Amino acid sequence: MPDIPGILAGSFTMSPEQQLAQLVAGTAKVLSEKELLEKLKLGRPLRIKLGVDPTAPDIHLGHTVALEKLGQFQRLGHQAVLLIGDFTATIGDPSGRSATRPPLSRDEVLVNAATYTDQAFKILDKSKTEIVYNGDWFRKMSYEEILRLNSRVTLQQMLQREDFRMRIDAGKEIRLHELQYPVMQGWDSVEIRADVEIGGTDQLFNILVGRDLQKEEGQPQQVVMVMPLLEGLDGVRKMSKSYGNYIGVNDAPQEMFGKLMSISDELMDRYYLLLLGETRDANAHPMDSKKSLAEKVTNRYHGAEAGPAARADWETRFSKKDLASAELPEISVATLGDEYTVLSLSAFAFRSAFGIEKSNGELRKQFISTGSVQLNGEKLTDPTASVRPSPGDVLKLSKKHAVRFVA
RNA sequence: GGGUAGAUGCCCGAGUGGUUAAAGGGGGCAGACUGUAAAUCUGCUAGCAUUGCUUACGUUGGUUCGAAUCCAUCUCUACCCA
C-alpha cells in the first residue's frame, strides 16, 4: 500500500464551499455532495483518482471531459492521481459492452498508455500529477490474495450490473474474468487511498465497488463523481469516432478551430462547461464566445501560439472570405499531369488534399453546376472545360474545402 | 422440434408482375440566407458516360416477353407453442 504523500503546504485559495460549487458544475452525478464538502473541509489536498484504460491509441475531446475535471481539482490544490490500467486493460472493461472485449497485448497497452499520458499532460500539470500503474500491485498478487479479495463481493452484487444483466438476458456469454473487472477497479481505489474517483457515467457501478472495498478495508470511502458523455459535433449523439462527429486532440489547429466554430450555440454551452470548466458570458455575442472557446481549446492542444493563429486565419477565410490570403492545403503543379478538366481537377484536389473520394456524378451535380467550384473566385461551371492551374492559383471546391497550387 | 411474421438503397419505411434506380421521412452533401450557429428555402444523395449503359430490393435457382413483386431452395431475424 503506498504511503500518503506528505501534505503540501496547503494554501487553498478558495473556501470549501466555493470549491464545491466549482467542482460540482458539469457533473452528471456526485455521491454525495455532502461527503465531498466534508472532505474538502479537511483542509488537506484530497487524492483524486481517475483511471484510464489504455485500450485505444487515439483520443478525442469526449475523452478529455473527466481529465478536465481532474485538472480542476488539481488547480484547486488537490492531488491528481492518474491510474493507468495497464493490467486491467488486458482484461477489458465490460462497461457498455455487449460482448467480451478482445484482450490487448501488453505491448499494445504500453504504447497506448504513452500516447494517452502525452495528451493528458496537455490538461494536467505533469509535475503535480501522480501516475500509477495497477499492474504494479495486481501482477504481484498471489492466488490466495485474489481469493481473499473475491470473497468480499457477492455474485449477486456483480450481477446487478446492467451490462452483465443484459448479456445474460440476451443469452450472451460472460467469461468469469470479466466479473473481476469491477473488483479490480475497486481495489485500485484501496491501493490509491482515493478520496474521490472521477469517471464517465458508465463507470458508476465500478466506482461504487471501490467504495465497498474501501469500507471493508477500514478506509474512508471515496466520493463518486461521474461526468456526462460529451455530445459530438451534431449535438445529439455522443462524440465517437464511429459516428464521425468527433474532434481529435491531434486534429490540426485549423481543423480543430473550424470544427469548434461549426457547433451549435446550445452545444457551445456544454463544451464550455465540460471542456473548459467555465460558464460562458451570456452577454457576449455567441459568435465571439465560440471563437474564444475554439481559441482556448486549440491553444490547449497546440500551444498558445496556435489558437490566435487559427483564429486569424479562420477570420480571413470565412469572415472576410479572403481565400487568397488564407492558409490552405497546397498542391504542387509539378505533381499534376498535363490534361485536366474542371471535373478531373476537382476530383484530384479532393483526393490529394483531403483524402475524400467524390464520384464524378456528385462533383458534376453538386459542386460544379452549383458554382461551388471556383478558380481564383471565378466559377467553373463546365465540367469538361480544360484547366491548367498556375502556381498561386486558389481552387475553391466548397465552403470548407479549398486548395492552393504552388510551384 | 413445431408455428407465424419478416429480410428493400446510409438508416427507417412504402411498394405485391410492366411508366420502379424504386414513394415518404431521417441523415448526409451542395447552394442561397447567416455568425462555417439555429431556423428557413432550393437541389443532389448507386456507378460510369454529354438523355444511354451497368449494378441494385437477404442467398441460389426457376416461371415470364418482362419480377423487388410469382414459385422453389437456403441463410438470418422477431414473436408464439413444446
Side-chain angles (χ1 to χ4, degrees), chain A residues 98-99 166 169-172 231-247 251-273 275 280-295 297-298 307 310-323 325-329 339 341-344 346-351 353-375 377-386 394-403:
Chain A
S98 54
M166 276 168 18
D169 290 347
K172 299 235 172 81
E231 294 85 355
L233 295 172
D234 55 25
V236 182
R237 294 181 296 183
K238 69 168 186 182
M239 186 175 282
S240 152
K241 200 170 183 187
S242 56
Y243 293 144
N245 62 356
Y246 69 100
I247 302 176
D251 281 357
Q254 285 178 61
E255 194 182 352
M256 185 177 273
F257 193 95
K259 281 181 178 176
L260 285 162
M261 286 307 289
S262 75
I263 64 176
S264 71
D265 290 356
E266 289 165 314
L267 192 58
M268 168 169 65
D269 290 339
R270 294 278 290 165
Y271 279 25
Y272 256 98
L273 184 61
L275 296 179
R280 86 170 182 94
D281 180 359
N283 295 319
H285 189 287
M287 186 184 58
D288 291 329
S289 302
K290 208 185 286 178
K291 281 180 183 172
S292 131
L293 166 77
E295 196 176 320
V297 174
T298 307
R311 176 175 182 152
D313 191 65
W314 185 88
E315 284 170 347
T316 305
R317 184 161 173 195
F318 295 106
S319 303
K320 298 180 193 149
K321 299 198 173 8
D322 179 9
L323 274 183
S325 347
E327 205 172 298
L328 301 172
E339 288 297 311
T341 62
V342 170
L343 184 66
S344 59
S346 306
F348 177 80
F350 260 118
R351 188 179 322 115
F354 303 102
I356 300 173
E357 289 293 340
K358 295 280 185 194
S359 73
N360 288 344
E362 193 178 1
L363 286 170
R364 225 192 294 264
K365 284 182 230 167
Q366 305 207 23
F367 293 84
I368 298 174
S369 67
T370 58
S372 176
V373 175
Q374 301 173 4
L375 189 65
E378 209 169 306
K379 291 181 182 178
L380 302 176
T381 50
D382 179 3
T384 59
S386 62
V394 170
L395 180 71
K396 171 177 167 275
L397 297 164
S398 77
K399 258 187 207 168
K400 300 178 187 180
H401 301 279
V403 297

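Fair warning: this is a prediction, and the values are worked out from it, not measured in the lab. Chain A is the first sequence line, chain B the second, and so forth, proteins listed ahead of strands; every chain is numbered from 1.
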- Salt bridge between A:Arg270 and A:Glu266, side-chain N to carboxylate O under 4.0 Å? no

- Message: Using a strict threshold of under 4.0 Å (side-chain N to carboxylate O), is an ion pair present between A:Glu315 and A:Lys320?
- Response: no

Who is the Watson-Crick or G-U wobble partner of [N], with both distances under 3.5 Å?
{"N": "B:A78", "value": "B:U4"}
{"N": "B:A37", "value": "none"}
{"N": "B:U64", "value": "none"}
{"N": "B:G27", "value": "B:U45"}

[N] [atom2] sits how many Å from [X] [atom1], rounded?
{"X": "A:Tyr272", "N": "B:A37", "atom1": "OH", "atom2": "P", "value": "17 Å"}
{"X": "A:Lys396", "N": "B:A30", "atom1": "NZ", "atom2": "C1'", "value": "10 Å"}
{"X": "A:Lys290", "N": "B:A37", "atom1": "NZ", "atom2": "C1'", "value": "4 Å"}

- Answer yes or no: does a side-chain N or O of A:Lys365 lie under 4.0 Å from OP1 or OP2 of B:U45? yes

- Query: Does A:Ser372 put a side-chain nitrogen or oxygen below 4.0 Å from OP1 or OP2 of B:A30?
  - Reply: no

- Touch check for A:Asp234, heavy atoms < 4.0 angstrom, all strands: base, sugar-phosphate only, or nothing? nothing

- Query: When rounded to the nearest 0.5 angstrom, what distance separates CG in A:Leu328 from CG in A:Asp313?
  - Reply: 7.5 Å

